[in-house]
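Contents: one structure, followed by commentary.
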Amino acid sequence: MKRTALALISAAAMLAFAAPAAEAQTPKRGGTFTFAISAETPNYDCHGSDTYATLHFSAPFYSTLLKFNLDKYPEVTGDLAESWTVAPGLLTYTFKLHRNVAFHDGSPLTSADVKATYDRLRDPPAGVVSTRKATFADIDRIETPDPYTVVFKMKAVNAAMLEHFASPWNCIYSAKRLAEDANFPKTNVMGTGPFIFTEHVKGSHVAGKRNDKYFRQGLPYLDGFKGVFMLQAAAMLNAFQGGQVLAEFRSVSPAERDRLVQAMGDKVRIEESSWTLNLLVVFNVEKKPFDDVRVRRALNLAIDRWGGSQGLSRTSTLRSVGGVIRPGSPYATPEAELVKLPGFGKDINAARAEARRLLREAGVPNLSFTLHNRNLAQPYTPGGIYLVDQWRQIGVTAEHKQFETSPYLAAMSSGNFEVAIDFSNLFMDEPSLGLAKYVSFDKAPQNLSHAIDRELDSLFDKQVRELDMKKRIDLIKAFEKRLFDQAYQVPLLWWHRIVPTNKVVMGWKMSPSHNLGQDLAEVWLNQ
Amino acid sequence: MAVATPAVAEAASRTRNPVLAFGRAQPLGAVSLVAIVAMMFGGIFAELVAPYDPLAIDFGSMLAGPSIEHWFGTDAFGRDILSRVIYGARTALVIGFTSSFIGSTAGAIVGTASAYFGGRLDSVIQRFVDILLSFPIIVLALVVVAVLGRTLVLGIDVNLIFAIAVPILPKVARVVRAAALSVRAMPYIDAARAAGYSHLRIIVRHMAPNLVAPYIIMLTAYIAQAILLEASLSFLGLGVTEPTPAWGLMLSGNASDFFREAPWMILFPGIAISVAVFAFNLFGDAMRDWLDPKFKL
Amino acid sequence: MLRYAIHRLLLMIPTLIGVAIVVFFMLRVVPGDVVEVKLRGDGGNVSEETLKLERQRLGLDKPLIAQFGDWMIGLATLDLGKSMWTDRPVIEEIGIRLELSLQVAVMATIIAVLIAIPMGTLAALLRDSWIDYVVRLVTIGGLAVPSFWLGMLLMLSLLTLFNWLPPITFTPLYVDPVANLTQLIWPALAVGYRYSAVVARMVRSSLLEVLNEDYIRTARAKGVFENIVVSRHALRNALLPAITVIGLEFAFLIGGLVVTEQVFNLNGIGKLFVQSVSRNDFTLIQGMVMMIALFYMLVNLTVDMLYAAFDPRIRYR
């Protein structure tokens, strides 16, 4: 009976997802939009940040050069750039800027501001943190032939450059302010975005009011917004249910979704998508017996991903079974081919028998080790609980140890673990971003298994240069096959993004990344 | 304050069976004792008592309500809540007993030494006690857990035990020191020193017997506090970690998301904590009234 | 009395220094640091070089002894430094949250005192009657029910039964008393129950003790009307231990609302503490521990002073 109830809820959720298309109406102006942010940004500087906490806070105050068109994701569209051209050979990018853009202090935006911003990103002055220094290392120089034209000259070809120009983290800052103090954006909010910063009460909320001089005519619709920091999911849900917050844009868990649907009925809109995040199982190949491919393969085989997906997806944000690329992306391996890869088969009993055999062969039939995990309720804890249970079924004892973020990261980066749950968090589907994590450790420090595999490296380099999509997909499949055979680190499950918004919230667009589309310019309230 | 209480000896001589005597004098205490014994029985023989494996995941019956098969229902992983509550008793008792025992014993030793030797040692120890006392309990435990991380021995986190024992130490030390000061002032201690007995002998043979009553009272009282503190830390995600069954942990995470469809998920563990702490407090009260009615914590 | 107060204030200095030393070295044993959490916590692919530069900026690359020196010098000049997470002064970070935590603590104290004193007195006067038993059970219950669980039930029942919830952001009392009280009354109640239990138990037991003392018996034998005896003599003396407990609990609440603040999403000191611990924000943790310790010592001193003022039998050297 419980199951039917849940099935009904899910059905309701699906229906709700289909609904927005039918809701097209003329936007209404006015109102203050309150939403929840489940983390608080340490400072305001987008350039030094990699967390949504900064974006959900400051995206409404800033503009970027390009942005993703969420109606046709992963297509990019202009933001400050009115138009752009890419020279054949991908070595020159020319952007024409909108002419009526002003900063919140009244000064006009020119190409000098864009140049100063990207110079800061690719070569930060002393004392400034740019987490995108490597991303823009391929830029040779930036030219500003006139106040409304910016030209990027490249040193090397980077097929994903346009997507990087659309990255939500490249907030455009005022050149004048940066010249006065390179760290100005860290403690001050001053952009060209649809909203003007009004206040940030530490630990409580951020607020903004409408920018009447916003360069897109008629936008934004809202009078203002308020982002309330709600770190406890339970508190957030209560507030959502009570109508005090109207949205949570990162994600809620399926259980939280079900609770909201049950309590609020048709007052809540649920939108779902596969997510550009996944959990990985990492074997530290520098620790015995994980240097033995048979052991790694056995532990990978023992994981029933399809069964886990069904069960876990009802209570945790883990859901889609996928390889190295997000399922749903055009580059992802389809299910029919995925099931042929080790650890992804649907006959779990056969896989487990094979796993036991491999462990016996490796001389460790009663293997026991510790599973290093992060102490976060979603979805690390359910992922860890599930893995311990799966390995128990082939006679392996894994002791689940969870750590706070700081000791967790410290052990991960120093290689002080046997088997760990790692995660990857990308803001878009570009395969090179996703695959980079699996390249040999000496080339990619983010490969925490510390494995060295030249075959993977060469496949990676080939796919970066391959401009034909079909051929590129084949290279990615070969990469995936080699990776899962060696099983240095294997994807567990991809996350599933579930965004609840109150039915009065209109004009917000769902995407596979919680980092995109948060400037709130087109959001309006149907009250 | 307790001064050379002969209550232990007196109480024991009232009847041959001290348990019966305790029950007669403290009916509420006896009731709580029964609850504690039941809890210990469940905790020790959890493998036999619990109907299910507390770790076994069964997605087929997740979030099931209380029924014949699952008396307390199941959680979001389909794990049997009754079994997890029973195993949780083991976690609570082991951590409660050991941390209270370690904290009280260390506190009693420090307090006695401080009182007996007096002088400079006493003031140094008192400063240390002050330092520890001025950290609020939960803050101290937070820092200790964060600093030491987690070290598991037989599935129980020893650092957690340490974290809970540390804040108990100064409180016990202060009370025992005060009691020990009065004992120290007794003429027979001077006599013993004059007779040339060693310090250790005087402390163990002459002082310690008079400090047993406050020690036992504090020990039982802090078991309840330790259980409560463990639950709070686990709730914050700083105590016991999944999948180990622990009451506070069962309340954390997404448990309250299911309040409407699965209220048993937060009701039963909460009740278990309350009953356990209630029983230990009641028992602690009864012990105090029985051993030394004038003693104050 | 003044000399005693000065003596006690001076004694606080070595204790505070001790606290400063203990907290400093305790924290440095934690693996990892704030830089890693800030730049890699959400999966950022940040180079070692960037981490190194940020550590340099925060002074985390200096030898431990130099960092310790900075900390002690800062303390001596009453400078707690800047939060490593937000780069804002520690004092400012604490200041923002202090008002809320103080208010919850004060409200819980008022609730506790209003409930505890009549309850404890009644129980003591009617010792071993059914009222006494009920009071004892209710108070032991107050010690047993975790206040965070009580808070969870409170919030969920408000929501389920009335479909209503208290405001989610803090409004100072002087700005909008209604919004302020509707937000804070619930955590105050959840905490106040336990608090009142502690105080009621103390009132009961110390009143029982005083009632057995000679001067009360004398007063009764003289035929003074019993009520007057209780109120004039007994209650006054019995209140002293209760004041101690109230003071200690109050001091505890400033930093001890950790779990309750989580449940009610309150922007207070306890929540800040949990956050700074999980971020390894050393300077902020240090500053908060110092503040809480100082607060505890001052409350303790005040309680002792009150003792002296109320009870002429106590003489301090």
Side-chain angles (χ1 to χ4, degrees), chain A residues 34 36 39-43 48-53 124 126-127 129-131 133-134 186-187 201-205 226 228-232 234-236 238-239 241-245 263 277 375 403-414 416 423-426 433 436-437 444-446, chain C residues 30-51 53-54 56-57 83-88 92-93 95-97 100 152 155-156 158-160 162-170 261-268 271-272 274-275 277-281:
Chain A
T34 307
E40 186 172 359
T41 184
N43 57 60
S49 169
D50 259 313
T51 162
Y52 73 99
V129 178
S130 163
T131 50
K133 200 176 158 182
K186 220 170 159 179
T187 45
V201 178
K202 286 284 172 64
S204 174
H205 64 271
K226 190 168 170 184
V228 183
F229 310 122
M230 307 200 85
L231 282 64
Q232 278 271 317
M236 188 279 291
N238 288 345
Q241 205 174 315
Q244 290 163 315
V245 300
L277 284 86
N375 192 14
F403 296 85
E404 289 306 296
T405 302
S406 169
Y408 165 79
L409 291 173
M412 295 295 272
S413 53
S414 63
N416 189 16
F423 65 107
S424 80
N425 175 6
L426 312 166
L433 281 186
K437 195 168 183 60
Q446 72 266 39
Chain C
V30 191
D33 62 27
V34 63
V35 174
E36 216 153 357
V37 180
K38 199 177 348 184
L39 295 177
R40 281 187 173 162
D42 228 341
N45 182 18
V46 181
S47 68
E48 279 302 325
E49 187 210 345
T50 311
L51 294 185
L53 285 174
E54 183 67 0
Q56 238 167 38
R57 193 179 66 81
S83 155
M84 291 177 170
W85 181 259
T86 63
D87 291 321
R88 293 293 173 116
E92 183 190 313
E93 293 284 350
I96 296 168
R97 278 100 172 166
L100 185 146
M152 280 165 83
M155 292 288 267
L156 289 168
L158 281 177
L159 191 65
T160 315
F162 305 105
N163 201 21
W164 178 87
L165 272 180
I168 43 173
T169 46
F170 176 67
E261 283 178 10
Q262 292 282 322
V263 172
F264 289 95
N265 193 48
L266 297 179
N267 187 23
K271 193 169 142 196
L272 184 63
V274 176
Q275 282 175 14
V277 166
S278 69
R279 291 165 179 164
N280 268 17
D281 188 344

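First the proteins, then the strands, lettered A, B, ... as listed; each starts at 1.
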- Message: Heavy-atom cut-off 4.5 Å, strictly under: side chain, backbone, both or neither for C:Leu53 against chain A?
- Response: neither

- So OG of A:Ser204 and NZ of C:Lys271: to nearest 0.5 Å the spacing works out to 8.0 Å

- Under 4.5 Å heavy-atom distance to chain C, tell me which part of A:Lys186 shows up: side chain, backbone, both or neither. side chain

- Top contributor to chain C contacts, counting heavy-atom pairs under 4.5 Å, from A:Asn43, A:Val245, A:Val201, A:Leu409: A:Leu409

- Message: Is the shortest side-chain heavy-atom distance between C:Leu156 and A:Asn238 below 4.5 Å?
- Response: yes

- Report the distance from atom CG of A:Asp50 to atom NZ of C:Lys38, rounding to the nearest 0.5 Å. 13.0 Å

- Message: When you measure from the side chain of C:Glu36 to the backbone of A:Tyr408, do you find a donor-acceptor pair of N or O atoms at a distance under 3.5 Å?
- Response: no

- Item | Heavy-atom pair count under 4.5 Å with chain C, highest-scoring of A:Ser413, A:Ala39, A:Gly242 | A:Ser413

- Message: Counting only non-hydrogen atoms closer than 4.5 Å, does C:Val263 touch chain A with its backbone (N, CA, C, O), its side chain (CB onward), both, or neither?
- Response: backbone

- Note on the structure: Checked C:Met155, C:Glu54, C:Gln56, C:Arg88 vs chain A; the most non-hydrogen pairs under 4.5 Å come from C:Arg88

- Query: Non-hydrogen atoms of chain C under 4.5 Å away: do they reach the side chain of A:Thr51, the backbone, both or neither?
  - Reply: both

- Check: A:Met236 main-chain N/O paired with C:Asn265 side-chain donor or acceptor under 3.5 Å: no

- Task: Please examine the side chains of C:Asn267 and A:Lys202, heavy atoms only from C-beta on, and report whether any two atoms are closer than 4.5 Å.
- Result: no

- Heavy-atom side-chain contact between C:Gln275 and A:Leu231 under 4.5 Å: yes

- Message: To the nearest 0.5 Å, what is the distance between CG on C:Asp87 and OG1 on A:Thr187?
- Response: 8.5 Å

